[in-house]
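Below, chains carry the letters A, B, ... as their sequence lines are ordered, and counting in each starts from 1.
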4 protein chains.
Amino acid sequence: MSGEIAPESPKRTQGRPRSDEAHDAVINATIALLTHAGYPGLSIERIAATAGVGKRTIYRWWPTKGALVAEAYTQLISDRHPDPDTGSVQRDLHVMMRRLFRAGLHPQAGAVLRSMMVEAQRDPRFATEFQTFIADRRRVLSKVLQRGIDRGELGADTKLDVAVDALFGPFWYRLLSPHAPLSDTFAQDVVDQLLSGIGVSSTP
Amino acid sequence: MSGEIAPESPKRTQGRPRSDEAHDAVINATIALLTHAGYPGLSIERIAATAGVGKRTIYRWWPTKGALVAEAYTQLISDRHPDPDTGSVQRDLHVMMRRLFRAGLHPQAGAVLRSMMVEAQRDPRFATEFQTFIADRRRVLSKVLQRGIDRGELGADTKLDVAVDALFGPFWYRLLSPHAPLSDTFAQDVVDQLLSGIGVSSTP
Amino acid sequence: MSGEIAPESPKRTQGRPRSDEAHDAVINATIALLTHAGYPGLSIERIAATAGVGKRTIYRWWPTKGALVAEAYTQLISDRHPDPDTGSVQRDLHVMMRRLFRAGLHPQAGAVLRSMMVEAQRDPRFATEFQTFIADRRRVLSKVLQRGIDRGELGADTKLDVAVDALFGPFWYRLLSPHAPLSDTFAQDVVDQLLSGIGVSSTP
Amino acid sequence: MSGEIAPESPKRTQGRPRSDEAHDAVINATIALLTHAGYPGLSIERIAATAGVGKRTIYRWWPTKGALVAEAYTQLISDRHPDPDTGSVQRDLHVMMRRLFRAGLHPQAGAVLRSMMVEAQRDPRFATEFQTFIADRRRVLSKVLQRGIDRGELGADTKLDVAVDALFGPFWYRLLSPHAPLSDTFAQDVVDQLLSGIGVSSTP
DNA sequence: AATTAATCGAGACGGTACGTCTGGTCTTAGA
DNA sequence: TCTAAGACCAGACGTACCGTCTCGATTAATT
């Protein structure tokens, strides 16, 4: 997901080491441009100019524009929130979804997430990277749900994949289409509705 | 959403009338390019060349690349399926979602839908157009759900907006992120899960 | 040189007659655009829009943009000054050259003359028309010079063509290249210099 | 007049240096297109395609189409003929004018000169550049004439500017208007006529 | 201290596409 | 049959980015 060089990279040494200043300038310029100029105002050319960095330097470290944006995201959402585990599925999901929806509302983080999804449609190389990101998130949610099943809070026949889609789906839908806001209330409603269902005879 | 001229347009005539040949050639070229070259291979330049049409003609009738793609979609999904109304919410929703998911699977129609969502992120003008498209679809679904409530099939306290998001959300999520396919089974699972809920003691 | 229809055109009648309003509007628009926007601002499109006339109407009556400009010129210099014939070559030439140079200075007429020369370089059809215009002017000047030879004012071995070029050449040169103005003084200097020569032992 | 970089340019380097290959390819393509397709067939688009060069590269180095054509001219007339100085004004002028007229006859060089004059009428930016070109040429001729005055070959009251116009004027006139060819004979006639005058009692 | 090698900024390169403008043709309704 | 309006195909305009490619200069670690 990131352009970081592994600490134990095989061929180290010799030559000028990577400049952290340049790295940070690029990431910050990316975030700044996404914020002020939006996704259409995001081009490598402009990032390079804004960061005061050569284009070559960007291409050297980030294979795709998506990779760049993805790293900007991890910088923004730096504290990778741990799995909550409050003992109640509903509470766990409330916390996670609220946290997620707030990220979507965050002006920078939201723009970055949108950009990644858009970039994934266009760039097959990034699409692959992006799928690992998506899979990561799904895995965390699946674990929480599985715990709910194990504890008997959720039906044993619950289809995990479908349930995960029922939670992330509305998030991405509202993130990309502004027909309604990503409010805290909505986050909880999505969870509650999934747990209770909307059919009257759902629990006979 | 479409470039059609309203039947009782106030400004009638004067000047050469719009050429239907050119119109159709443009739409067909758009579909052809989307099919053969994919969305990245879709440029006004290429559409014009393929259709044997001046670029001016395209810009005259479609303000955005998105608007063009949107009309191509309505052409592909030409039979605007009427509201099913089988007497059962569940059946109605099954039919609608299956139909929708199949459109997403359709190689051209799926690409067009994806393109529209992407274009809406980039072009604010199209974003507005796209919202009317989104709103239309939501309205249809809302009507079906409301009927369910009226018939007592759905809880009277059902939040319509949340329910609609719970149905369209997973669709767009899987359409844009290929972590799992838009199968018929998935379409039904989404509906059933929404109706029944996944919590065991959901109705205390 | 003009797009006028001969008054006794053979096949008259039938159909809507030519609109003089349209004709005049086109010519006036041409002059107006040349004045306010200069030669680069002169396009059939803009003339049609300014005149409130269909492009077709222009193309119907004037085969080339040059023909249009040429007719605008004859409208501006409507009083085709007659050959002066004062009895003295020098006086005749002074009068003619001063008149010509003033036309070049006239903001509209100068622009039109420049436009014609430019158009003649680009449009072979107009180049032919333009040559008859050039030939006309040369003929008038030749006649005056020939009279001078006949009267013994000019050398019998004077090469008429060369002399005509020596008079018109500097005019066009300064008309097209603004290195110095087309002043009355210059008009007379050109004539006097041609008559006297600049070599000291020219008349031994 | 040229795109050359001054030898002792103050801003030395930084960034990839200008490609001479690209430069030459552009100039050669310009000449080729002028030759084969004429001035109307000369577009930046086509030059770029013919030269195998990006349009940006052309716009980077030549502000105007005229500037490009101007440099093509200096390449064609590469040996900037030195001031002849034979000891006789007449002989000097004969040499210079013959040389100039032959350039006008040269199929490419003539087209280029014509193109420059046309471009100067249309593009004010190039008009300025072109005036320095014109001024350069005038200066050379002035020097020759001044030498003639100093040596007593020409009248002390000779108006240099008028004399220069009397030499260049007929050249440009015949270059732009094909009423008569730019022959060697004509070149000499223009000079001789200027020196001797055509009036019999011109020196009373 | 000198050498070596990878970095940095700057920016030119060949390209593709953008959205606008014009040229010249064509097609209507109305005079 | 002409006119005004304006759509049509074609293609050039000048700009913005793309991803690649040189440069000279900088900065360690290795000689």
Side-chain angles (χ1 to χ4, degrees), chain A residues 11-19 21-23 25 41-49 51-61 63-65, chain B residues 11-19 21-23 25 40-49 51-61 63-65, chain C residues 11 13-19 21-22 25 42-49 51-61 63-65, chain D residues 11-19 21-23 25 42-49 51-61 63 65:
Chain A
K11 276 275 181 65
R12 277 307 291 120
T13 60
Q14 201 138 78
R16 176 174 176 175
R18 177 173 187 180
S19 153
E21 282 180 41
H23 174 273
L42 191 70
S43 68
I44 300 284
E45 206 106 338
R46 257 146 81 84
I47 292 172
V53 142
K55 286 203 289 174
R56 230 343 177 31
T57 304
I58 297 181
Y59 283 111
R60 195 168 359 244
W61 299 113
T64 63
K65 186 152 69 182
Chain B
K11 283 264 187 65
R12 272 312 289 124
T13 51
Q14 194 125 89
R16 177 174 176 174
R18 178 172 186 178
S19 155
E21 282 180 44
H23 174 273
L42 191 70
S43 67
I44 300 284
E45 206 105 338
R46 253 145 80 84
I47 293 172
V53 142
K55 286 205 287 175
R56 225 3 189 10
T57 303
I58 297 181
Y59 284 111
R60 197 171 355 249
W61 299 114
T64 332
K65 188 149 68 183
Chain C
K11 275 275 184 66
T13 61
Q14 197 142 80
R16 178 172 175 173
R18 177 172 185 181
S19 155
E21 283 180 40
L42 192 70
S43 68
I44 300 284
E45 206 103 342
R46 255 146 81 85
I47 292 171
V53 142
K55 286 202 290 176
R56 207 48 213 298
T57 305
I58 298 181
Y59 284 111
R60 199 174 348 254
W61 299 112
T64 63
K65 185 152 71 181
Chain D
K11 280 263 188 67
R12 274 310 292 125
T13 49
Q14 193 128 89
R16 179 175 174 172
R18 178 173 186 177
S19 154
E21 282 181 42
H23 176 272
L42 193 69
S43 65
I44 301 283
E45 205 107 339
R46 252 145 80 83
I47 293 171
V53 142
K55 286 204 288 174
R56 210 46 213 313
T57 302
I58 298 182
Y59 286 112
R60 204 180 339 259
W61 298 116
K65 187 150 70 182

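- Phosphate proximity of F:dC8 to B:Trp61: present, with a side-chain N or O under 4.0 Å from OP1 or OP2.
- Sequence order on DNA chain F of the closest nucleotides to C:Val53 and A:Ile44 puts C:Val53 first from the 5' end.
- A:Lys65 contributes atom NZ, which lies 11.0 Å from atom CD1 of A:Ile58 (distance to the nearest 0.5 angstrom).
- Of all the heavy atoms in B:Ala48 and B:Gly54, the pair that sits closest is CB-C, 4.4 Å.
- In terms of phosphate contacts, B:Lys65 brings no side-chain nitrogen or oxygen within less than 4.0 Å of OP1 or OP2 of E:dG19.
- Relative to the side chain of B:Pro17, the nucleotides E:dC13, E:dT27, E:dG23 differ in distance, and E:dT27 lies closest.
- Rounded to whole Å, the distance from CD on D:Glu45 to C1' on F:dA10 is 12 Å.
- Put simply, C:Thr57 has a side-chain N or O that comes within less than 4.0 Å of OP1 or OP2 on F:dA4.
- Per the geometry, CZ belonging to A:Arg18 stands 11 Å off P belonging to E:dG9, to the nearest Å.
- The base of E:dC26 is paired with the side chain of B:Arg16 by a donor and an acceptor separated by under 3.5 Å.
- Taking atom CD1 on D:Ile47 and atom C1' on E:dG15, their separation rounds to 17 Å, with Å as the unit.
- Close to E:dA12, at under 4.0 Å from its OP1 or OP2, lies no side-chain N or O of D:Ser19.
- For the pair B:Glu21 CD and E:dT25 P, the interatomic distance rounds to 20 Å; values are reported in whole Å.
- Residue order along DNA chain E, read from the 5' end via each residue's closest nucleotide, puts D:Arg60 first among B:Arg56 and D:Arg60.
- Nearest heavy-atom pair, B:Arg46 versus B:Gly41, reported as atom, atom and distance to 0.1 Å: NE-O, 3.1 Å.
- Residue A:Arg46 is classed as a sugar-phosphate contact, given heavy-atom separations below 4.0 Å to backbone atoms only.
- The distance from atom OH of A:Tyr59 to atom C1' of F:dT22 is 16 Å, rounded to the nearest whole Å.
- Residue B:Gly52 is the one, among B:Gly52 and D:Gly15, whose nearest nucleotide of DNA chain F lies closer to the 5' end (criterion: closest heavy atom).
- Between the base of E:dG11 and the side chain of A:Lys55 there is no donor-acceptor pair shorter than 3.5 Å.
- Distance CD1/B:Ile47 to OG1/B:Thr57: 13.0 Å, rounded to 0.5 Å.
- Atom CD1 in A:Ile58 sits roughly 15 Å away from atom P in E:dG11 (whole-Å rounding).
- Rounded to the nearest 0.5 angstrom, D:His23 NE2 and D:Trp61 CH2 are separated by 9.5 Å.
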